[in-house]
Amino acid sequence: MSVLTRPEPTSTQRPQGRGLLAALAGIAAGALTLGLAEVLAAVWTRWLGSAGTSSPLLAVGGAFVDRTPPWLKDWAIETFGTADKLALGVGMAITLTVVCALIGVLALRRRGPGIGASAVVGLVGLAAVYSRPATGLLDLVPTALGVVVGGRVLLWLLDRVAGVRDGGPSSSHHPSAAPPSGSTRRSVLLLGGGLTGLGVLGVVAGQVLSTAGRAVQRTAEALGLPTPTRTVSVPEGATSDITGHTPYLVDNEDFYRIDTALRVPRVDAAGWTLRVTGLVDQEVEITYADLLAEEHVEALVTLTCVSNQVGGDLVGNARWLGWPVRELLARAGVQPEADMVLSRSTDGWTAGTPIEALTDDRDALLAVAMNGEPLPAEHGYPVRLVVPGLYGYVSATKWVTELKVTRFDADEGYWTPRGWSARGPIKTASRIDVPRSGGRLEPDADGAVVLAGVAWAQHRGIERVEVQVDDGDWQEATLLEEPTVDAWRLWTYAWPEATSGDHQVRVRATDADGQTQTEESAAPAPNGASGWHTVDFTVA
């Protein structure tokens, strides 16, 4: 908002009972500021082709996410799940509305401090925009213009509010800030409401224009996906037909999504490049066409978010197609002192991956396809990293554009300085799918009920799963086939002669290294949740 000032009304001229109108004036000016800035930002980005973020809405949200401590991130994900970004947007809207309303009331009573507060809010928006990756001074223009226009609108509306007295114009006012004759509460309400609506429409239009302006060109569909030199298939013995049991392969649209992007980046694969820099013999840069020309392989890999709670659903398994990362790193020539690769996303997010996880024989891929289709935009189109055995925050970089070969003592990924462990190996975990918490099971003709779930210990494999009903002995469950140790394993258990009534079941898994889950529970921070998954249920 503008820092333009007008002479303050004296105490005898100070309006009475017009606080709500002033609050509406502040809200209207704030909405118009943001709406105009968002529309200009969308046009600005498309015109300049800037890689930075000129949207103040996304910039402020991104700056907030960047400064979110792990405990708050865990709370948000646990409370809102994959709707955490929607919750952030609603929270930002409520906060901004309250702040703008207070500014309007303050500016009506004391014009100078009110306009000063408005200017501070505008500067915060500008600072947020400038703090985003790849943003330059020119990217500040849309927000700056929005702030100036919004400030003038605030002054204009406040003049009309000052002219309202008992439903009509004021008979006394400061001559240099003369309210327009005929100002009434109704006219101010209509003006304020109309401008607020116009601002909201501007925000929506800005988001739509921004998305349309950077629409993805599905280059993979035009060129066709590479034919893999090694394919994988899911044997029938690895899948389950039990109602409620997790499918071995999770559909793309159902696959969990956790990242810091408030708006999914729309990357044109035709202009995409990936650079290998840092402690290498020679820097390498490849295009999307270069990548598609390499020898790709398929792999079954389960990805897990470190924020996944015990029994949570921030985990999924898919069939990935990609080029092994070790081949690209070998082409660049990794120097002996390197122990980490810092991967960078197009939106500036980074992950620090242990070098051995990208250079050993595991299926660490530069993935271009997911379950037989080009990567969906929300899952990293055109290219993402898939690394078995590591939590996503140290490995699963979406929209990847750079691999910097470096050292843990020289660089840090996005979440490491925020309190998360540096290397992020996935813990052995298991989950009960059937029954769900509070669910009801019907015994079969023999009086048995079937329990089912999944277990995972990526790159180690699952050796055994056990269940305990109530306080009975641990019983070994039946493991379905395991096509690869890099993916989860489904399990079932038939509880014979199940008794009717309320019960409790818990599960634990043992990985191929002989490590069994312990009962002791731990929150996700700083290196992943642990503990047995327990479910209360009823047998009919």
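Counting only heavy atoms from C-beta outward, the side chains of Leu366 and Leu274 approach each other to under 4.5 Å. Two residues are said to be in side-chain contact when any heavy atoms from C-beta on lie closer than 4.5 Å; Arg431 and Thr246 meet this criterion. Between Leu96 and Leu34, the closest side-chain pair of non-hydrogen atoms falls below 4.5 Å. Proximity of Val454 to Asp433: side-chain heavy atoms (C-beta onward) are separated by under 4.5 Å at one or more points. In this structure, the side chains of Val90 and Ile94 come closer than 4.5 Å at one or more pairs of heavy atoms. Taking the side chain as every heavy atom from C-beta outward, Met370 and Val386 never approach each other to under 4.5 Å. Side chains of Leu57 and Met92 form a contact here, defined as non-hydrogen atoms less than 4.5 Å apart. You'll find the side chain of Leu40 stays beyond 4.5 Å of the side chain of Val141, heavy atoms only.
Using the six-membered ring where Trp is involved, Trp420 and Tyr393 have ring planes that are tilted, between 30° and 60° apart. Aromatic ring pairs are classed by plane angle as parallel below 30°, tilted from 30° to 60° and perpendicular above 60°; the pair Trp488 and Trp456 is tilted.
The number of heavy atoms from other shown groups lying within 6.0 Å of CD (Glu253) is above 12. Heavy atoms of other residues, nucleotides or ligands lying less than 6.0 angstrom from NZ of Lys404 number 12 at most.
Side-chain contact annotation: Glu402 with Ser343, donor-acceptor N/O pair under 3.5 Å absent. Between the side chains of Asn527 and Ser421, no donor-acceptor pair of N or O atoms lies under 3.5 Å.
Ser345 contributes a side-chain N or O that, together with a main-chain N or O of Lys398, makes up a donor-acceptor pair within less than 3.5 Å. The backbone N or O of His379 lies less than 3.5 Å from a partner atom in the side chain of Arg384, making a donor-acceptor pair. No donor-acceptor distance shorter than 3.5 angstrom exists from the side chain of Thr416 to the backbone of Glu412, with no hydrogens or angles considered.
Of all heavy-atom pairs spanning Gly392 and Trp349, the tightest one is O-CH2, 3.9 Å. In plain terms, the two heavy atoms of Ala369 and Leu225 that are nearest each other are CB-CD1, 3.8 Å. Across every non-hydrogen atom of Arg185 and Leu21, the tightest pair is NH1-CD1, 3.8 Å.
No option in Val394, Leu342, Thr350 other than Thr350 meets the side-chain contact (heavy atoms from CB on, under 4.5 Å) test with Tyr414.
Between Arg257 and Glu378 there is no salt bridge, since no side-chain N of the basic residue sits under 4.0 Å from a carboxylate O of the acidic one.
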- request: Decide yes or no on side-chain hydrogen bond (donor to acceptor under 3.5 Å, both in side chains) for Gln458 and Thr304, but give the supporting numbers first.
  value: CA-CA 9 Å; Gln458 290 92 309; Thr304 314; 2.8 Å; yes

message: I'd like to know whether Glu38 forms a side-chain hydrogen bond (donor to acceptor under 3.5 Å, both in side chains) with Ser55, so could you lay out the CA-CA distance, the side-chain angles of the two residues, the decisive distance to 0.1 Å, and finally the verdict.
response: CA-CA 6 Å; Glu38 288 295 315; Ser55 160; 2.8 Å; yes

message: Let's go through Thr277 and Leu403 carefully: what are the C-alpha distance in whole Å and the side-chain angles of both, what is the deciding distance for side chain to side chain contact (heavy atoms under 4.5 Å, CB included) to 0.1 Å, and is it a yes or a no?
response: CA-CA 6 Å; Thr277 62; Leu403 302 178; over 6 Å; no

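Proximity of the aromatic rings of Trp399 and Tyr381 is defined here by a centroid distance below 6.0 angstrom, and this criterion is not met.
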